[in-house]
Amino acid sequence: MKKKLLVLVSLMLVLTGVLSACGKSGSGADQEFRMNLTTEPPSLDVSQAQDQVSFTVLTGLFEGLTRLDATGKVVPGVAEKWEVSDDSKKYTFHLRSDAKWSNGDPVTAQDFEYSWKRTLDPNLNPPAPYAYQLYYIKNGAKYNTKDGVTDAAQLGVKAIDEKTLEVELENPTPYFLNLTAFFTLYPIHKSAQTNANWAAEAKDYISNGPFKMSAWKHGDSLELVPNENYWAKDEIKLSKVKFSMVADANTELSMYQTGKLDWTGKPTGDIPVEQLDKFRKENNKELQIKGVASTYYYNFNNEKKPFNNVKVRKALSMAINRTDIVEKVTKAGQVPAYGFVSTGIFGVAGEYRSEVKDDYFKEDVAEAKKLLAEGLQEEGMTEMPEFTLSFNEGLHKTVAEAIANMWKENLGVNVKLEVQEWKVFLKNRQSLNYDIARAGWGADYNDPMTFIDMFTTGGGNNDIGFKNTEYDALVKEAYATNDQKARVDAMAKAEKILIGDNQAIMPIYYYTSAQLIKPYVKNYSVDFSGNLDYSRITIEK
Amino acid sequence: MSTQLKDVVTSEQAANSPFAKLPQRHTESEIITAESRSTFQESWAKLRKNKYAMSGLYVLIAIIVLAIVCPMISPYNSYTNDLDNTYLAPNSDHWFGTDNLGRDLFVRTWLGVRISLIVGFTAALIDLMIGVVYGGIMGFSGKRLGGVMNKFAEILYAIPYLLVVILLGVVMGNGLTTIIIALSITGWITMSWIVRGQILQLKNQEYVLAAQSMGASGSRILFRHLIPNTLGPIIVTVTLSVPSAIFAEAFLSFLGLGVQTPAASLGTLISEAVSVFTLYPWVMLIPASLLSITMLAFNIFGDALQDAFDPKMKK
Amino acid sequence: MARYLGGKLFNIIISLLVLATATFFLMKAVPGDPFTQEKAIPPEIKANIMAHYGLDKPLGTQYLVYMKNLFQLDLGESMKSQNRSVTTIIKESFATSAKVGAIAIIVSVIVGIYLGMMAALRHKKLIDNAAMFIAVIGISIPNFVIGALLQYFLGVKFPIFTVQGLEGPLDYVLPTIALSTLPIAFIARLTRSTMLEVLTSDYIRTAKAKGLSPHAILWQHGLRNGILPVVTYLGPMTANIITGSVVVERIFGLPGLGGHFVESISNRDYTLIMGITIFYAVILMAARFITDIVYIFVDPRIKVSGGVVKK
């Protein structure tokens, strides 16, 4: 019998050997950078991409008219210089002559014009979800939503010649040169006209940035190698970028610890919270924590009793201890939030949050109790009814448990906690089917407006039922002017109405991004919103 | 692969044929029909004499009692946070330590045992009842009804369970009933297939044919003769149903269907502890060992039940 | 025989139609759509996108369109992964899942049956108790725990195996263990339980009386009589394991079908949900069909409902 078993076992081993591909790929290349994307990029078509993962890959593959340097400053990209008209509504970009696609074709103004018009095309196959990032362009919104403009020629983007691009805007947009570095505004090679699937496989993929795609094993890995036609190819030292697509954060960390990754954590990965806490306590030199322009907060359903009462909202917001939450629950160096616009966003001369303090309210349990009693009385209630706090799975659950416990201890209110499946949760939140719901918002661009215009009456992301005409007027005012001081003033006033006067949402903390980086990885840059530019990395072992 | 198997089987067929024709189960089945009540008593007496089996039962009872009593006598509750004392190792105050929010794990674990045992055993019981009856009829009935029932089970088994569960959560809200329903929708199918397979094998055997020729009704043959003879695989399948229901519940709680926080089940305690295992191993080891002990006791008892009650196992 | 197989095939097609219909409407009843996302897409753009995928049409029309395509074996394109056809996604990820799954099934059957037999032969002896102890641990500790522990101890603490990926033959070891623990435990217990019955049955006693050794009796005759529950269990188990376990794929970072299935549901990637469901059902029904055939080989007296094989 034992012999038989032996035969079977050896048979199995042979089978294992046959079934698995032979040969391990050696990591001989010294200048190789490896990080984890967590998932397959949903789309690497410039017009279709709209998420962090796709964006991270596109950053290496493409270059826009401008780039952001390590400090977040706008520097020339494909455009070597540009002029801005006096009313700030017309930009003329001059493209550098040596900008080339990975196949050697020159990058022309037409490539940008084609890309932008393609993204705005309402009949694109399929229509671009992120097209609204181009609504700054004259007639962009009207053309994209088929609102009176059907001719693409009426759009405010035009190639004057091969190397000159003229852009007209709807409004003066002070951060427009930041936007031209953003991925939705990258150029697209004209091969896309004949090959709608140009972005589906590595072999068809043509890009104009520091890297080109050499391999894409769907769901498994993606590899970039330097683009020898890139105009600044001398700045690129890496010989390879390898992205893996591992969903589990514990596995990602194990890969880092066993030398299979050079970078773990944000922007596309994650470090499990308790592990992160351990690295912080050990004062691990590989751990980097940096603020990112995102805010974590709770939505109050402003239309539902008793949360329609400002005193009730204030009471709940003042009765929690944010410092405890960031220090003892989330434990990644987050900053307690008392405003909506996060840290790391430009204001007039420096950071908005340093210029406009978020001292709209203070935590005060005694005051909270008083406000709660008054608010309930105004609503004709004798005591706070049990209400539901809804959220999706993950660390949100721990935060919710902590906050519910604070409410119970400080205000004596009973909270029912409810985890919901992600899309069910979103659907409920977007249709105001909740009492209090967890929320978060990250900046699309480096300006307070990316937060402030969210809660205008009827706004697409206004999922709290907030309606305030004064607020709407201030947002409009900020849109209309090009004077940064006046804009920031208007937005600060709006923020005060939102938080200070109404406590329409309950801010909790400003996010950080945490990552472990091997000590030999140098010259990376992480921007204000946590995006990683890996193109200039050097490996110094 | 399939040809190999066939070869083996056919060569064995020849060797086995003298045995295959023996009327092995005839006498046993007569005992059941004639003296089923006293047989039951006899089996019960036999079970009680089996110390090994009874030790399993006693452990089970002890765990149930602890799950009821411990949370009541503890000075702590399951939800109050103590953010300055998170992840304490087991000590004289907190016998099982504390969790990520400083909650007492002794209380949380025993409450978790309570919830998980209710969920696990109720779901297993439902699986057992539906599975045995459905599987029995599926195997015993003619080819048309049996075929349709078989296909229905296959279709139900293949419908994406996650979709069903998400929808159920939206429609019914969360709560113990919802979980148990969610677990029972497809949980019984494996059991029904196991039973069907056994019945298919048994139903053409001589004692069944004999009972039929003596005019016994179909349902009598099925429930009095056939199902008692499939007891072994049934018990094994039930012992699998319990832990799989317990972990399915943990999985459902991520979708908002299971036990809602701050209450925790044994399954959620274990699954949440996996990510901190390397740092705070006891957070996972304690509930995992409790679950294993419970299952071990349950299996020992289950085996003894089979020894005592399976008509085929009588000597 | 041909008629029999034809009838079987017809049954399977009807079942698939019923399944596709049920899944389609179930899927549409679940809140959310492929384009529900945290940063809401402006309603005008979303309307355009929905129209592009035909999701603006009445449910009945959508259903008929889908079924028409299905009859032409066109499973459509994924709504989440742009420009990727459902067929390609299934083909690529099934290759991974099936490789790992096939090994796990073989290991489960061999080890499970062996353990079960040994336990039955040494009933109530040390080896029986030890085998059953292992089996109970295997049943009561779920694969996400086993996978994580294996990964930590054998991948990180003592880096014998890789923590992620399938590059060399050794990389299959940990996923295989994680995948096969539960089936091994269950098969061992089923085998033991049925073998104990067989051992006490008359014909085995007769064989013993003839002087055959218990080992020989059990392996040559007992196994065939007692294997049926294992065969039954193997049908759906095979279908489940070769189509990928989401947990094991996630822990070991394998690009398999199981992960795609769960993701397609959380993304509400309608075409992919339908595609994978139908694919899985085909495998399940095939596995169940083979199970029934195996029944007949194991025990020629069995008449499987739905038709008898005419030889």
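Around NZ of A:Lys142, the count of heavy atoms belonging to other residues, nucleotides or ligands within 6.0 Å does not exceed 12.
Looking at A:Glu252, there are no atoms closer than 4.5 Å to chain C (heavy atoms on both sides), in backbone or side chain. Only the side chain of A:Tyr135 comes within less than 4.5 Å of a heavy atom in chain C; its backbone stays farther off. Heavy atoms closer than 4.5 Å to chain A are found in the side chain of C:Glu92, but not in its backbone. Neither the backbone nor the side chain of A:Ala141 has a heavy atom closer than 4.5 Å to any heavy atom of chain C. Neither the backbone nor the side chain of C:Glu249 comes within contact range of chain A; no heavy atom of the residue lies under 4.5 Å from a heavy atom of that chain. In this structure, chain C has heavy atoms under 4.5 Å from both the backbone and the side chain of A:Asn125. Neither the backbone nor the side chain of A:Asp51 comes within contact range of chain C; no heavy atoms are under 4.5 Å apart. When heavy atoms are compared at a cutoff of 4.5 Å, A:Lys146 approaches chain C solely by way of its side chain, counted from C-beta outward. The contact between C:Arg84 and chain A is made entirely by side chain atoms (from C-beta outward), counting heavy-atom distances below 4.5 Å. Contacts between A:Leu44 and chain C at a heavy-atom distance below 4.5 Å are absent for every atom of the residue. For chain C, the nearby parts of A:Ser254 are the backbone and the side chain; heavy atoms of each come within less than 4.5 Å.
Contacts between residues 149-158 of chain C and chain A, counted as heavy-atom pairs separated by less than 4.5 Å, involve C:Gln151, C:Gly155, C:Val156.
By the side chain to side chain contact (heavy atoms under 4.5 Å, CB included) test, C:Asn143 is found to be paired with C:Ser245, C:Val247, C:Val248, residues two or more places apart in sequence or in another chain being considered. Contacts of A:Tyr132 classified as ring pair (Phe, Tyr, Trp, His ring centres under 6.0 Å), with partners at least two apart in sequence or in another chain: A:Tyr130. Taking C:Tyr53 as the reference, C:Phe35 meet the ring pair (Phe, Tyr, Trp, His ring centres under 6.0 Å) condition, with sequence neighbours excluded.
Panel note: side chain C:Thr176, backbone C:Tyr172; a donor-acceptor pair is recorded below 3.5 Å. Between the side chain of A:Glu40 and the backbone N or O of A:Gly219, at least one donor-acceptor pair lies under 3.5 Å.
Taking the six-membered ring wherever Trp is involved, the centroid distance between the rings of C:Phe279 and C:Phe94 falls below 6.0 Å.
Both tests do not hold together for A:Lys203 against A:Trp216: distance to the six-membered ring centre under 6.0 Å, angle to the ring axis within 45°.
When each of A:Val246, A:Val424, A:Asn461 is scored by its heavy-atom pairs under 4.5 Å with chain C, the top score falls to A:Asn461.
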